[in-house]
Amino acid sequence: MNIATPGSHNRSSSFRPDDDHYPTPRAAIIPLMRTLALPPHIWEPACGEGHIAETMRDYGYQVEATTLVDRGYGETGIDFLTEREARAKVIITNPPFSLDEEFVLHAMSLGVDLAIFFLSIKWLCGGDRYRRIMGPTPPCLVMPFIERIKFFAGDTPEADQPGWNTQDFAWFVWRRLPNGKYFKGAPTIAWLSRDDGDQSDLFRPEISVAGAA
């Protein structure tokens, strides 16, 4: 994301919500919906105010929307990390920043066919994370955005905050194979542009993840 400008705040600022509630902009969700053909039933386990879930529903998907904190959307009081059965075979979410690794590992422990997470590009780096997650269970597909996405802290009107765009983000896709194990190999890279950008000149290989298992 762009270097912070005077008056901007990063997520450690006074605007940071206690539970890392940063709604995912539609500009980051729509390119995913346009790129991947997905199974019809999807679980969004950190739905917040419903930004991802509502966008997926606009594209015709049946979405199980759950969340721990009640923001007037979805089934509330549901701690994803304590769930013992998957509510759908596909999970798509933007997890809380402070719990992103726990969310990814738990999604795979539930045996979902596809675990699709909106994460910082920093996930591609770091020895500890590589040894624990990215090496043993690498994503099959990483879709980085060529621009930086601007986020606003939830629970605060956008007009009252500068927002932040200090990191690069991508959609990471983990896929369970027919043998019950998760993909292990070199991930495919497919660049995305946020919804107000032109996708035509991007490297976008033929991608099919529907019916993953």
Side-chain angles (χ1 to χ4, degrees), residues 24 27-46 52-53 55-56 59-64 80-81 83 85-97 99-147 149 167-195 199 201-213:
T24 310
I29 307 164
I30 290 173
L32 176 71
M33 297 291 99
R34 291 176 175 170
T35 300
L36 297 185
L38 299 166
H41 189 201
I42 298 171
W43 182 14
E44 214 293 45
I52 293 178
T55 303
M56 290 190 291
Y59 278 80
Y61 291 102
Q62 176 187 349
V63 182
E64 302 289 336
F80 173 66
L81 297 178
E83 292 288 276
E85 292 186 7
R87 300 191 178 210
K89 286 297 186 179
V90 179
I91 286 176
I92 300 180
T93 195
N94 175 5
F97 291 110
L99 295 172
D100 54 2
E101 293 187 7
E102 290 88 342
F103 264 62
V104 169
L105 288 170
H106 190 61
M108 287 189 283
S109 76
L110 294 174
V112 297
D113 293 344
L114 293 169
I116 303 175
F117 282 79
F118 193 64
L119 301 166
S120 168
I121 288 293
K122 291 180 179 179
W123 263 71
L124 294 175
C125 308
D128 288 344
R129 184 182 293 117
Y130 178 81
R131 285 185 285 273
R132 287 184 289 105
I133 303 174
M134 302 297 276
T137 50
C140 68
L141 175 64
V142 179
M143 294 181 285
F145 281 86
I146 63 173
E147 314 95 345
I149 305 295
Q167 293 189 48
D168 294 290
F169 279 82
W171 287 102
F172 289 70
V173 181
W174 281 267
R175 179 184 178 188
R176 190 169 68 94
L177 303 174
N179 63 9
K181 297 180 179 180
Y182 280 92
F183 168 89
K184 188 172 179 65
T188 296
I189 304 296
W191 282 268
L192 295 177
S193 178
R194 59 187 183 214
D195 188 45
Q199 310 277 336
D201 61 347
L202 301 181
F203 175 68
R204 294 157 64 85
E206 290 296 321
I207 300 168
S208 177
V209 293

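All residue numbers in this chain count up from 1 along the given sequence.
Nearest heavy atoms, Leu192 versus Leu202: C-CD1, 3.6 Å. Taking each heavy atom of Pro95 and Phe118 in turn, the nearest pair found is CD-O, 3.7 Å. What you find for Ala46 and Phe103 is that their closest heavy atoms are CB-CE2, 4.0 Å.
With sequence neighbours excluded, the residues satisfying side-chain hydrogen bond (donor to acceptor under 3.5 Å, both in side chains) with Ser109 are His106. In terms of the side-chain hydrogen bond (donor to acceptor under 3.5 Å, both in side chains) criterion, Asn179 has no residue partners (sequence neighbours excluded). Annotation: side-chain contact (heavy atoms from CB on, under 4.5 Å) contacts of Ile121 (sequence neighbours excluded): Leu124, Pro144, Asp168, Ala170. For Glu101, the side-chain hydrogen bond (donor to acceptor under 3.5 Å, both in side chains) partners two or more places apart in sequence, or in a different chain, are Arg129, Arg132. In terms of the side-chain hydrogen bond (donor to acceptor under 3.5 Å, both in side chains) criterion, Thr137 has no residue partners (sequence neighbours excluded). Annotation: side-chain contact (heavy atoms from CB on, under 4.5 Å) contacts of Ala190 (sequence neighbours excluded): Leu141, Met143, Pro205, Ile207.
By the 30° and 60° cut-offs, the orientation of the rings of Trp43 relative to Phe80 is perpendicular.
Counting only heavy atoms from C-beta outward, the side chains of Val112 and Val90 never approach each other to under 4.5 Å. Side chains of Glu44 and Met56 form a contact here, defined as non-hydrogen atoms less than 4.5 Å apart. With contacts defined as side-chain heavy-atom distances shorter than 4.5 Å, the pair Ile30/Tyr59 qualifies. By the 4.5 Å heavy-atom criterion applied to side chains, Ile116 and Leu32 are counted as neighbours. Counting heavy atoms from C-beta on, the side chains of Pro138 and Trp174 never come closer than 4.5 Å.
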